[in-house]
2 protein chains.
Amino acid sequence: MRILLVEDDTILGAAVRDHISADGHSTDWVTRLDEAGEHLAAVPYDLVLLDLMLPDGRGIGFLRGMRARGDVTPVIILTALDQISDRIEGLNAGADDYLTKPFDLAELSARLAAVARRYCGNPNPLVELGELQIDLATRGIWRAGKRIDLTAREWALFEALLQHPGQVLSKGQLEDRLYAFGAEVESNTIEVHVSRLRKKLGARVIETMRGLGYRLGDGR
Amino acid sequence: MRILLVEDDTILGAAVRDHISADGHSTDWVTRLDEAGEHLAAVPYDLVLLDLMLPDGRGIGFLRGMRARGDVTPVIILTALDQISDRIEGLNAGADDYLTKPFDLAELSARLAAVARRYCGNPNPLVELGELQIDLATRGIWRAGKRIDLTAREWALFEALLQHPGQVLSKGQLEDRLYAFGAEVESNTIEVHVSRLRKKLGARVIETMRGLGYRLGDGR
DNA sequence: ACCCTCCTGTCAGCCTGCTGTCAGGATCGG
DNA sequence: CCGATCCTGACAGCAGGCTGACAGGAGGGT
């Protein structure tokens, strides 16, 4: 997933970015709300991690602005204030979830995944696709009872397809999702990863729409 | 919304039931998992509020069972255990959200509303044309329930017709639309693509106006 | 500090199937 | 019945996709 991190604390920010990246997500990290606004306008993010206390304003107003513009990108708010009133205010402003500092990085991973699943309409972490059984929560895949391991990039790509079943995703869209600013790539990387996924999961799992992009197979 | 409340604490249960009823939802309240299972099988609920600690077993297993059966009813879990591991376990098992006791009833309302909002989001609008169903956003076409794949050019041509229903488009207009400057074409390409589209979608989908051009059929 | 392993981007050569072209037949209008 | 227009099967060229090989680098273990 492509994630926008809005956090002014450099230590926490770096830790969060590194952790998320290790999960295979691509992260753009900004420290101010005006930067956040510019990024949001330019890139289709899958999720926003928003600190509520920032040097150039309160995040809650920023969030309200997003929702008022009709932006439905999932938002998880980060707050140091362990108060119910703050949680409620955040949720009513349109946040999808919140984390109270200090938070466990493992919990962050679970929340990210859970919010993303809910957002795309299917909170069920267990998915069946042909002879594959997939657990989105634990990132496990079984094929005929045998476990298959994916690397971070492979999982990120597969997850993108799983979250849009039946929909064609262009190579450009997939690259946007896999690579953050400054980490763009210029070769047939996506094709290569698709090829590796097919070798592990079976050729039918990913269908090619020549000239258009890729699509999740229908399991047959 | 029709809500199933699974909670063994009679005081808390009554308070929750009264509160969400006041919000205008109808509530069925059970205190044990086996009852919950029976209700779920009999009634199509919009949402389940599930306490994780119940006299006849742990709710988390119940939730996993639901998801394993393919039940996608939204579930909000209630837990007295304010532990990270429990929240993560719940979300990973397929919960849509959670509340930690003691929780504020206003927060409960906010969460209910948030979950409900997510589920009323209707999917992409489908255009119907005779026996065809067309999803313009995802470029999907179904004919009698079966998916039909179009190539890039075919879709471009079909889209042009779809955007001008009832209007006659000349071959010149269609060529202008399909081919950029410098890529013009000099043969009966349009005729050929129309033929291919008819073979895939049915002959009546595109009507020929002899000497004038083509027009989208009216579905009969 | 060193080695080892595995991930991942890059490239080149092969292969697939989309697409334009053509020709012969079909259909329509007059 | 004739000419114009359209339909459609066949086919070849080529852009786009596939995949095996390889190297740089990050990470882990000793």
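All values below come from the heavy atoms of this structure, side chains included, with hydrogens, waters and symmetry mates left out. Proteins get letters first, then strands, A, B, ... in listed order; numbering begins at 1 in each.
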Phosphate OP1/OP2 of [N] contacted by [X] side-chain N/O (<4.0 Å):
X         : N       : answer
Tyr214(B) : dT5(D)  : no
Lys171(A) : dG17(D) : yes
Tyr179(A) : dT8(C)  : no
Thr189(B) : dT19(C) : no
His193(A) : dC7(C)  : no
Ser195(A) : dT19(D) : yes
Lys199(A) : dG20(D) : yes

- Decide yes or no, distance alone: a donor-acceptor N/O pair under 3.5 angstrom between the base of dT19(D) and the side-chain of Asn188(A).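 By the distance-only test, yes, there is a pair.
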Report which part of the nucleic acid [X] touches: base, sugar-phosphate, or nothing (heavy-atom distance under 4.0 Å, all strands).
X         : value
Glu186(A) : sugar-phosphate
Val194(A) : nothing
Arg196(B) : base
Arg210(B) : base

- Charged N-O contact under 4.0 Å between Asp149(B) and Lys200(B):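 No salt bridge links Asp149(B) with Lys200(B).
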Atom [atom1] of [X] and atom [atom2] of [N]: how far apart are they, to the nearest Å?
X         : N       : atom1 : atom2 : value
Glu184(A) : dT10(C) : CD    : P     : 11 Å
Glu207(B) : dC7(D)  : CD    : P     : 12 Å
Glu191(A) : dA15(D) : CD    : C1'   : 12 Å
Leu201(B) : dT8(D)  : CG    : P     : 13 Å
Ile206(B) : dT8(D)  : CD1   : C1'   : 14 Å
Leu157(A) : dC18(D) : CG    : C1'   : 15 Å
Ile190(B) : dT5(D)  : CD1   : C1'   : 16 Å
Leu212(A) : dA15(D) : CG    : P     : 18 Å

- Run the side-chain contact (heavy atoms from CB on, under 4.5 Å) check on Tyr179(A) and Arg153(A) step by step: do they pass? CA-CA 10 Å; Tyr179(A) 303 99; Arg153(A) 276 275 193 277; 3.2 Å; yes
Nucleotide nearest [X] (side chain, heavy atoms from C-beta), chosen from [options]:
X         : options                   : result
Arg198(B) : dG9(D), dC7(D), dT10(C)   : dC7(D)
Ser187(B) : dG20(C), dC11(C), dG17(D) : dG20(C)
Thr151(B) : dT10(C), dC18(C), dC18(D) : dC18(C)

- Query: Is there a side-chain contact between Trp155(A) and Leu136(A), using heavy atoms and a 4.5 Å cut-off?
  - Reply: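 Yes; the side chains approach each other to less than 4.5 Å.
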- Query: Is the closest side-chain heavy-atom distance between Arg111(A) and Phe103(A) below 4.5 Å?
  - Reply: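 Not touching, per the 4.5 Å side-chain cut-off.
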- Among side-chain atoms of Ser109(A) and Arg139(A), is any donor-acceptor pair under 3.5 angstrom? no
- Message: Looking at every heavy atom in both Ala95(A) and Leu63(A), which two are closest together, and how far apart are they?
- Response: N-CD2, 3.7 Å
